[in-house]
Amino acid sequence: MADSTPQGDAAVAAAAVVSHPAASSKPKRPNYAVIHADPVPVALYHSPPLIPHNPLSLLHHLYLYLFPPVSSHQTAYTGVFSPVTMSVEIRDPQAVLDLWQKGFWGKGSLSRSEPTWLNRELRRLGDTEVGATSEEITRQRRDQRKEMKKERARKEREELQKVKAAEAKGKTSNGSTSNGKPVVADAKVVVDLEEEINGLKDLVGGSLKSSAQTGLPTPPLSAADDVETQDTEPAAATSLPDDATPSPAKQSQATGTTATPSQPTTAVEAPAAKETITPKKITLENREHLQLTFQEAFFLAYALGVLSIRSGPDESPLSLPTILRLFLRYSSFPPLPESSISLSNLNPDNRFLINYVAYHHFRSLGWVVKSGVKFSVDYLLYKRGPVFSHAEFAVLVIPSYSRWEGRTEACREWDWLHSITRVNSQVKKTVVLAYVDVPTAEDVKGWEKEADGLKGVFAKYKIREVALRRWIPGRNRD
Amino acid sequence: MASDPDPDHLANLRNLRSVVEDNLRLQHYWTDLTMLDTVADVQGGNIDGGSDAPLLRPMIHGRPPEQLYDPEHAASNSSTGKAPKPTPELEYVFPVHIDELFSLRKWAAVFDSLPKPHEGAERRKRIVVAVVSGDSTVVYYIMHDGIVKPRQN
């Protein structure tokens, strides 16, 4: 029925992907624990405790000092400062892979998080040698949901038409009285619908084909949709309350019922087989780069010392003060004027410095810190990384000026906070307010004359965290 | 802002637009992308005599791979079920940076400066706002001039 439409074809392809891992019940996941074993792109090694009166211990340490097992703390990666994207871009494939695998630094500029654009593009063009990306899996899920909503809309429209038809019938048969008793017509329709829904309930268990004749909306009869919309289909067709949430048990049940007609199963296998026959290799220029925010880039360059930053691919590496000056300038949009940035007369109330202090704080405590722009917060904190679990905490960075004489704190309305906590409780995240106490310009004066003065500057910022959770008296009594 | 002659700021806004352009073209497969700097850049967008009147800000005109949600046609579209899909409509994309502050008055000015597709026609009632942030995430919002029927979830 629907096989001829482009939608149907797309669905068949999707179903082929879905049906593949049916044998092993779940698609194989890469072993993330091995891929992301290193939390930072710095090689670390253990040395035994130093016991001064034991010559062997001394020898061991001398050996480690002279011949370290790994050459740590080299500037291993090169990034290019880009005023266009207001970030630092990494283009060397090895560096991109390393930085993503060892600590989840940056974001693919054309991907949701891991740089997968090239893989997606290759698959789109028909390359068979690359695997599915997380973006595609999300798309499949969204397509399913869209199908479900379309079905629901159709069902509602048909109900409305029935009601209207019944009303019209009432009007023609006994003209004036219909106005007084519209309830009767409605009740009849409801009974009719209930009967049909009950009928459909049986049909879900039996042949799907005949359900099309009942006139009730059913999902298209293509093989693809049977498999693809397996969990949403009962809810869409009959709107039974208990079917609204797909559970694993229901899913398997649905698979069982939909797989019974012989026609669909053969149709599913055919495209799957076709897909494997023609191997295809495509070469393509990668248009994507790994994009580091200024905070990430500065942490890698300053705190870890593994990143050198240039102003162009062929330029020489920039010095740390130059990098700092650039980042301070480009921390807001439009960028601050060149003349307003002075390192000797550093203004601690700069968006880059405040955000960096918060970033450094949480990164140093072992969190993987990513941008929280999609959840209307500044940062998201992941325990090990985005591939292992969802972010548990959403951090709002709030500058606090308690040391600034005569400066009133910027106040926010309650509804601002309320909307942020509501958004984040929807996705099961705890909102953390990170108050960054900003030192005054007086406090940090003369930092550039001291050795490692920047460390002193950052030490003068203080961070206080407040975790927020909405409390509903009726529900959470603890 | 309407008569912002600062060439530096214009360069910043063009940079912003190029980020959105790449994102639309390469990540979301938009086609027929045209960069708009003046009203005259719109196809046949020659309105009110002022042929090369500058737009309020650099914008993008382009075609999404699928029709974006349209409250007026939503009902009629879904009823035709299996009819071949019509070509998606062209949209106006308005790039902004996440740190920018906008007032209601500014948004009204943005809508007022939208070019009309042809003489005597109504200007589009909606734009797609593309919010760019430093980690390369572009968050898109549909902004409509006036009240629209809410979308069913």
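Every chain is numbered from 1 and lettered A, B, ... according to where its sequence line falls, protein lines coming before strand lines. Note that the coordinates shown come from a computational prediction; the quantities given were computed from them, not determined experimentally. Atom set for the values below is all heavy atoms of this structure, side chains included, hydrogens, waters and symmetry mates excluded.
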**Student:** Go through the atoms of B:Thr137 and report whether side chain, backbone, both or neither lie under 4.5 Å from a heavy atom of chain A.
**Tutor:** both
**Student:** Calculate, to the nearest 0.5 Å, the distance between atoms CG and CE belonging to B:Asn15 and A:Met86 respectively.
**Tutor:** 9.0 Å
**Student:** Which pair of heavy atoms, one from A:Thr85 and one from B:Val19, lies closest together, and at what distance?
**Tutor:** CG2-CG2, 3.8 Å
**Student:** So for atom CG, which belongs to B:Leu104, do other residues, nucleotides or ligands contribute more than 12 heavy atoms lying within a distance under 6.0 Å?
**Tutor:** no
**Student:** For the CD atom of B:Glu66 and the NZ atom of A:Lys146, what is their distance to the nearest 0.5 Å?
**Tutor:** 4.0 Å
**Student:** So which part of A:Ser82 gets closer than 4.5 Å to some heavy atom of chain B, the side chain, the backbone, both or neither?
**Tutor:** neither
**Student:** Ignoring hydrogens, what is the shortest heavy-atom contact between B:Gln27 and A:Arg120? Give both atom names and the distance.
**Tutor:** CG-NH1, 4.0 Å
**Student:** Nearest 0.5 Å please: distance from the OG atom of A:Ser109 over to the CG atom of B:Asp135.
**Tutor:** 10.5 Å
**Student:** Does A:Val84 reach the side chain of B:Ser18, with side-chain heavy atoms less than 4.5 Å apart?
**Tutor:** yes
**Student:** For A:Arg139, I'd like to know if atom CZ has over 12 heavy atoms of other residues, nucleotides or ligands within 6.0 Å.
**Tutor:** no
**Student:** Do the side chain of B:Glu100 and the main chain of A:Phe333 share a donor and acceptor less than 3.5 angstrom apart?
**Tutor:** no
**Student:** Is the number of heavy atoms from other residues, nucleotides or ligands within 6.0 Å of CG (A:Leu160) greater than 12?
**Tutor:** yes
**Student:** At a 4.5 Å cut-off on heavy atoms, which part of B:Leu26 comes close to chain A: side chain, backbone, both, or neither?
**Tutor:** both
**Student:** Quick one: closest heavy-atom pair of A:Gly108 and B:Ser136, and the distance?
**Tutor:** O-OG, 3.7 Å
**Student:** Would you name the heavy atoms of A:Lys374 and B:Val139 that are closest together and state the gap between them?
**Tutor:** CG-CG2, 4.5 Å
**Student:** Which answer fits A:Ser111, side chain, backbone, both or neither, if we ask what part of it has an atom under 4.5 Å from a heavy atom of chain B?
**Tutor:** backbone
**Student:** Any idea which heavy atoms bring B:Ser133 and A:Val373 closest together, and the distance?
**Tutor:** OG-CG1, 3.9 Å
**Student:** Please check if atom OH in B:Tyr141 has more than 12 non-hydrogen atoms from other residues, nucleotides or ligands closer than 6.0 Å.
**Tutor:** no
**Student:** What are the two closest heavy atoms between B:His9 and A:Pro334, and how far apart are they?
**Tutor:** ND1-CB, 3.6 Å
**Student:** Using non-hydrogen atoms only, which part of A:Arg124 is less than 4.5 Å away from chain B: side chain, backbone, both, or neither?
**Tutor:** side chain
**Student:** Under a 4.5 Å cutoff for heavy-atom pairs, which residue among A:Pro83, A:Ser371, A:Ser87 has the most contacts with chain B?
**Tutor:** A:Ser371
